[in-house]
Structures are given as C-alpha cells and as structure tokens.
Amino acid sequence: MSVRVRFGPSPTGELHMGSVRTALFDWLFARHHGGEFLVRIEDTDQTRSVAGAEERILEGLRWMGLDWDEGPDIGGPHGPYRQSERLPLYEVAAERLLASGRAYRCACPPERVKQVREEAQRRKRPPGYDARCRDLAPADLANEIAAQDGRSVVRFRSPREGATVVPDALRGDVVFENRLLDDHVLLKEDGFPTYHLASVVDDHAMEISHVFRGDEWLSSAPRHLLLYEALGYEPPVFIHQPVILGPDKGKLSKRHGATSVSAYAEQGYLPEALINFLALLGWSKDDRTTKMSVAEIIEAFDIDRMGVTPVTFDQTRLDAMNADFLRELGPEEFFRRAAPFLERALPEDVARPLDLTPLLPLAPLIQERVKRLAEFAEYVDFFFLPGPLDYPNAELMGKGFRDNPAGALTAVEGAIAALKAVEPWTAEAIEAALRGLADRLALRAGVVFTPLRVAVTGKRIAPPLFETLAVLGRARAVERLNVAAERLARPDD
RNA sequence: GGCGCAUUCGUCUAGCGGCCCAGGACACCGCCCUCUCAAGGCGGAGAUCGGGGGUUCGAAUCCCCCAUGCGCUACCA
C-alpha cells in the first residue's frame, strides 16, 4: 500500500506548535516511506474561518521546510484541496447515507438540542441529542421541517447496540460502546459538512493511508469508523498522537509564551532545530540520540518508535538545541541568517543597508554565545551605533574598581596610550599591549579590562575584548576610551 | 456524571520478564579553563519505575483494582 498522509489545518489563525508537530510527523512519515504528503484546508466552519490564515499556515509550513506534494496552492490529482470547495462531494455522501437509511434528516433547531443536552446533564444522564427525529414518519418530518422554514440537518443513525473497535496504531484496539454514541450531525444547516463527514469523505477520495491527528480525536474515532463502514470505504490507519502540554501540565497556550511557528521564526530559531526538538516530542530514535539532521530523522522515523505519553513543551531544551544548531553554521551562513534580525533590532538612525563583512572575524565568537539569532544584535550593536554610547558610569568601574573612578581612569588612560602604539592593529598585538598594561598596573587582567569593555561596547557582557577592538578600529576605539576617561574624570556621579 | 487515553529522574526519553539496586540528553550543582559572557573538559546530585494487590523462580516490563492528570461528551475542529 502506498503511503499518503494529509495535514488538515483549519484556517482560524496562526500555525500552532501542536498542529505543526502533527504536520511534521505526517511529513516525516511520508518522506521516510517515499509516499505523498498533502495539505488540505479544513474550512468547514464558516464562522471560524479567518481571512489570511490559510496563507499564514502555509507560510509556516514552508518556513519549516515541510514541502507538500498536493495542496490548495499547487493543486493535484485529488483537488480541490479546500473543503469549502468540495461541498458537492459531501452532499452526495449524505444523500447516499440518507438513501440507505444510515442517516436521517432532523428538524430540531439548535436551541432545542441545547436544551435537551443541558437537561440531560442536570439529570446526570449521558448528554447528546435525544434522537427525536430519528424515527419520525416521513410526513411528520416534512411538517417539522416546514415549520422550521425548511431548515434541517442530516444526522448519522448511530447503532444502539454492539461496540466499535478503533484500531489505533499506537495503543492497539480501543473499544467503544455504540449505545454511548449519539446521532451526531453530518451536514449542517448551512449545507457545510462537519469534520466527521468531511474528513471521512476526503480521506477516502484522496486515498489517504494513514491519519496522524491529536488524541483529542480518539473519542470521536468510532464515529469515523462507523462512517467508513456505512459508506463502504476502507478506513485508513489511525495514529492518535499524545497532546503537547505547557510547563504547568495544562494545555499549551499563550500563557506559556510563544505558541505559533511564526513567533519562533521571529525570535531566531532555526527550522532544523525546531524540527529536531518537535520530532523528539513523542518519538525517539534510540536510547541516546538527541541531535539529528532532518535527513537523519527522515531516515530513522517510523510509527513503532512513537510514544503515547502526553509531552511537556520545554522551552529550555529547545533553546539548547537551537544554540547547538547555530554553532554548526559556517560564519558566513550564520551572518546571512542573522542579518535580518540586526536590521530589525538596530535603531532608525543607523545607516542601511548594513555591511557585516568587517564583523566576520567576530562571527565564531558570537555564534557560540547566542541561543537565538535575535540575540545577535546585542553583541554587535556597538559596531553600528553612532555617537557616544549610552551606559551608566558605574559600569565603567565594575567590581574591580568599585567606587574608585580614579583607578578605572588609570586603566582607561593607560589603555589609550598603549593602543596608540599597537602595531599592527591585530587582536594578538592588542592583547599583548593590554596584558602588558595590566602587568604594569599590577592588577588582574579582568579588573583592567572591564572598564575598557564597557567603554568600547557600552555593556558589561560582550564578545572577547581584543577581537572587538581589532574589528572596531583604532580610531573609534580610542575615541570611545576618551569619552570614558572624561566621564571618569568628572567628579559628579 | 459517562466514556476514553495516559502515568519511568524537574523535562524529553531508553526499557517491550532476568543484561536495570533503571541508561542517555536538557536543566541543575561543583571544579578546571578564563578578559566579561559563553563554549569546552571533569565530576556530582536526581526516578524504590503514581499507589495497592496479584501472576512468576524472577516484573518498570503481564493481569486486576484504586488514585491522579488530560481529552471527548457542539449544527468547532
């Protein structure tokens, strides 16, 4: 059997972490087996569809590198790939079920259904539709529908006895008592199908072999199996994935920070890191591998190594992985990816476009220090900022010269003199000169370097000092040190 | 309330009857290195496998019960 899997997002907003994890597993499975991965937009709820959401979701998938073989934008042999454009298919299926007696029309207005449900709940009875229209005589039903101005829905005639077995690839057979199933809606009043009807009809029509979905669907899986049976279709293999939880074990939500793929992209996470991280949320290669390339994951991926336990989204682990992948990039590649973040982070008055080439020697040093590309700007902004740097004077003294501006001044002035004589202007020569200065002052290198670092970069935490100075250039370095000297010489603050 | 799923270090997991007084990774702690911050090296702490019964010569692994968490119980997906 050829492998065909589908990702079926509803266009209601951003591409969420939980959804993209499902899409990733779909994609990995398809790629591993040389099958097809398709995207189908499940826009059957007119009230929830959001303009532009489809494009944002596709954009998220593209950014992740999850390419699809068939979809709403590129078409394919089983199109269209938007459920709202496939309405006739669902109608035909509903008519067939109506004709075979496996479904019936229902004239009960939503308000009545709601009342019935609430009443049942109050009496601690199983909630759900009471099947009032299920066995109405045709003439009576026609009257009821007429009384509702012709409005009606189509409901599935659920069996009242027996049990339905849902074969889940992860948990084995899960058995559901049929009498607990109510007669759910197949076709809504507006003519749109519910998820249940639409997904069964489409998965069959699109020849889907495996369905990966969140395990919130497990409870309704018997409805789907029953529909396949009623329609005479062969059901696909179902894989109900465990949910992704927030750190507090609750549903992952905005409360826990970013939840959309785009938000992670904007912070400077690498798609390959996110893929590695997400793949390990509910799947493992073996007992020790945690770092894998996308190709390696595809190679190793399969259902038999998927887990069933709900997983917690651990941001710290993602950060560690992202830092890992960031370090592996070549310096030019790192710069290329980081550049857009710099453009965004630097103030307006910095001239664009930015020229990063002078910073290249610093690349490896910064690479090993950032977890996200967005942090890049904090390390190199000193190079671009025009005019005097903005920092509190106390920073210039650091711990070594605490409350001792005179001491810090000695270091800064000594550095100015030493740097003016450095030749050639290289990190090595600068290091020799500054270490010599520390020796002459009989102070630890760290004590002497802190004022210099702050003077030159404006902050206490920065890339290594000598390389920083080398990149900045002698003139700008001395200029900034002079500014610092003036500040330290001033008696006030 | 009913039904369903789940339950191994803080987190992700390995484990599918003896190799486990439970292994790895992230996080954490300490030391080393060190111009700040990182990175790196070395070391450490951390789960009596949710609890209780069984089955077995032997159980984290099989069975039962309980507890807890989550999901479903929509003309939402």
Side-chain angles (χ1 to χ4, degrees), chain A residues 8-10 12 42-45 47-48 106 108-110 113-114 117 120-129 151-155 166 168 170-171 174-177 180-182 184-190 192-196 198-199 213-222 240 242-243 245 247 249-251 277 280-291 305 307-321 323-324 327 364-371 379 398 431 434-435 438 444-450 452-454 457 459-466:
Chain A
S10 289
T12 54
E42 311 213 327
D43 54 349
T44 56
D45 187 346
T47 64
R48 293 209 316 158
C106 167
C108 297
V113 175
K114 192 172 170 219
R117 181 169 53 242
Q121 233 145 24
R122 247 196 314 280
R123 290 167 43 212
K124 307 283 190 209
R125 296 280 56 169
Y129 178 57
R151 289 194 294 267
S152 71
V153 299
V154 174
R155 288 181 183 274
V166 174
D168 180 84
L170 262 25
R171 317 154 210 264
V174 183
V175 182
F176 294 85
E177 297 287 336
L180 268 11
L181 269 23
D182 77 337
H184 62 277
V185 171
L186 259 19
L187 222 45
K188 303 182 244 185
E189 197 180 288
D190 61 6
F192 276 60
T194 56
Y195 169 86
H196 310 298
S199 71
R213 49 163 45 158
D215 77 359
E216 68 269 22
W217 289 107
L218 186 56
S219 296
S220 39
H240 292 99
V243 292
L245 272 19
K249 298 296 180 191
K251 204 171 183 165
F277 173 73
L280 257 18
L281 239 40
W283 174 81
S284 65
K285 179 181 190 292
D286 52 40
D287 64 334
R288 53 194 60 250
T289 310
T290 53
K291 174 91 188 297
R305 292 208 56 92
V308 290
T309 316
V311 294
T312 308
F313 189 91
D314 181 5
Q315 176 86 43
T316 312
R317 192 173 189 229
L318 207 208
D319 284 352
M321 277 190 186
D324 241 22
R327 271 178 229 118
L365 304 174
I366 297 168
Q367 252 181 289
E368 65 181 38
R369 286 170 165 76
V370 297
K371 291 194 182 72
Y379 283 96
E431 172 164 13
L434 294 181
R435 288 198 187 281
R444 281 185 32 242
V447 173
V448 176
F449 294 170
T450 297
L452 309 184
R453 171 175 298 107
V454 173
T457 67
K459 42 192 80 169
R460 211 161 19 183
I461 295 171
L465 184 60
F466 318 123

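Letters go in sequence order (proteins before strands), and every chain restarts at 1.
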Next item on the list: Among B/rG4, B/rA14, B/rC12, find the nucleotide with the atom closest to the side chain of A/Ser284.
Entry: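 Within the option list, the nearest is B/rA14.
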Next item on the list: Identify whether any heavy atom of A/Gly398 sits under 4.0 Å from a base atom; if not, whether one sits that close to sugar-phosphate; answer base, sugar-phosphate or nothing.
Entry: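 No contact at all - A/Gly398 keeps every heavy atom at 4.0 Å or more from the nucleic acid.
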Next item on the list: Describe the nucleic acid contact of A/Arg213 in one word from base, sugar-phosphate, nothing, applying a heavy-atom distance below 4.0 Å.
Entry: nothing
Next item on the list: Mind checking side chain to side chain contact (heavy atoms under 4.5 Å, CB included) for A/Ala320 and listing every partner two or more places apart, or none if nothing turns up?
Entry: none
Check: With sequence neighbours excluded, what pairs up with A/Arg327 under the side chain to side chain contact (heavy atoms under 4.5 Å, CB included) test?
Finding: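 Here the qualifying residues are A/Ala323, A/Asp324, A/Glu368.
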Please state the [atom1] separation for the pair [N] and [M] - nearest whole angstrom.
N      : M      : atom1 : result
B/rU61 : B/rG30 : C1'   : 36 Å
B/rA59 : B/rG18 : C1'   : 10 Å
B/rG15 : B/rC76 : C1'   : 39 Å
B/rC75 : B/rC9  : P     : 40 Å
B/rC35 : B/rA47 : C1'   : 42 Å
B/rG44 : B/rA38 : P     : 23 Å
B/rC63 : B/rU56 : P     : 16 Å
B/rG24 : B/rG46 : C1'   : 14 Å

Could you identify the nucleotide paired to [N], looking across every strand shown and requiring Watson-Crick or G-U wobble geometry with both distances under 3.5 Å?
N      : result
B/rC20 : none
B/rC72 : B/rG2
B/rG40 : B/rC32
B/rA67 : B/rU7
B/rA60 : none

Check: Using a distance-only test with no angle check, is there a side-chain donor-acceptor pair under 3.5 angstrom linking A/Thr312 and A/Lys249?
Finding: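 The criterion, which ignores hydrogens and geometry beyond distance, is satisfied for A/Lys249 and A/Thr312.
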Next item on the list: State, without any angle test, whether A/His184 and A/Arg155 hold a side-chain donor-acceptor pair at a distance under 3.5 Å.
Entry: no
Next item on the list: For A/Gly307 and for A/Phe176, find the nucleotide of RNA chain B with the closest heavy atom, then tell me which residue's nucleotide is more 5'.
Entry: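 The residue mapped nearer the 5' terminus is A/Phe176.
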[range]: protein proximity per nucleotide (B base, S sugar-phosphate only, - neither; heavy atom, under 4.0 Å):
range                        : value
nucleotides 66-77 of chain B : -----BSBSBBB
nucleotides 23-33 of chain B : BSSSS------
nucleotides 35-47 of chain B : BBBBS--------

Margin query: Check this for me, if you would: do A/Arg48 and A/Asp45 make a salt bridge, where the nitrogen-to-carboxylate-oxygen distance has to be below 4.0 angstrom?
Written below: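 Answer for the salt bridge query: yes.
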A side-chain contact here means heavy atoms from C-beta on lying under 4.5 Å apart; do [X] and [Y] qualify?
X        : Y        : result
A/Arg117 : A/Asp182 : no
A/Pro464 : A/Arg369 : yes
A/Val174 : A/His240 : no

Checklist line | Nearest-Å distance for atom pair CG/P, residues A/Leu180 and B/rG2 | finding: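 Atom-to-atom, A/Leu180 to B/rG2, this comes out as 11 Å.
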Note to self: Looking at A/Asp215 and A/Leu218, would you say the former's side chain and the latter's main chain have a donor-acceptor pair under 3.5 Å?
What the structure shows: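 Answer holds: no.
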Notebook entry, point to check: A/Arg305 side chain to A/Trp283 main-chain N or O, any donor-acceptor pair under 3.5 Å?
Noted result: no
Check: Which word best sums up how the rings of A/Tyr195 and A/Trp217 line up, parallel for under 30°, tilted for 30 to 60°, or perpendicular for over 60°?
Finding: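 Aromatic pair A/Tyr195/A/Trp217 classed parallel.
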Check: Looking only at heavy atoms, what is the nearest atom pair of A/Pro193 and A/Thr44, with distance?
Finding: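 Distance-wise, the nearest heavy atoms are O-CB, 3.4 Å.
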Note to self: Just to verify, what does A/Phe192 make a ring-ring contact (aromatic ring centres under 6.0 Å, His included) with, not counting sequence neighbours?
What the structure shows: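 So A/Phe192 forms no ring-ring contact (aromatic ring centres under 6.0 Å, His included) with any residue.
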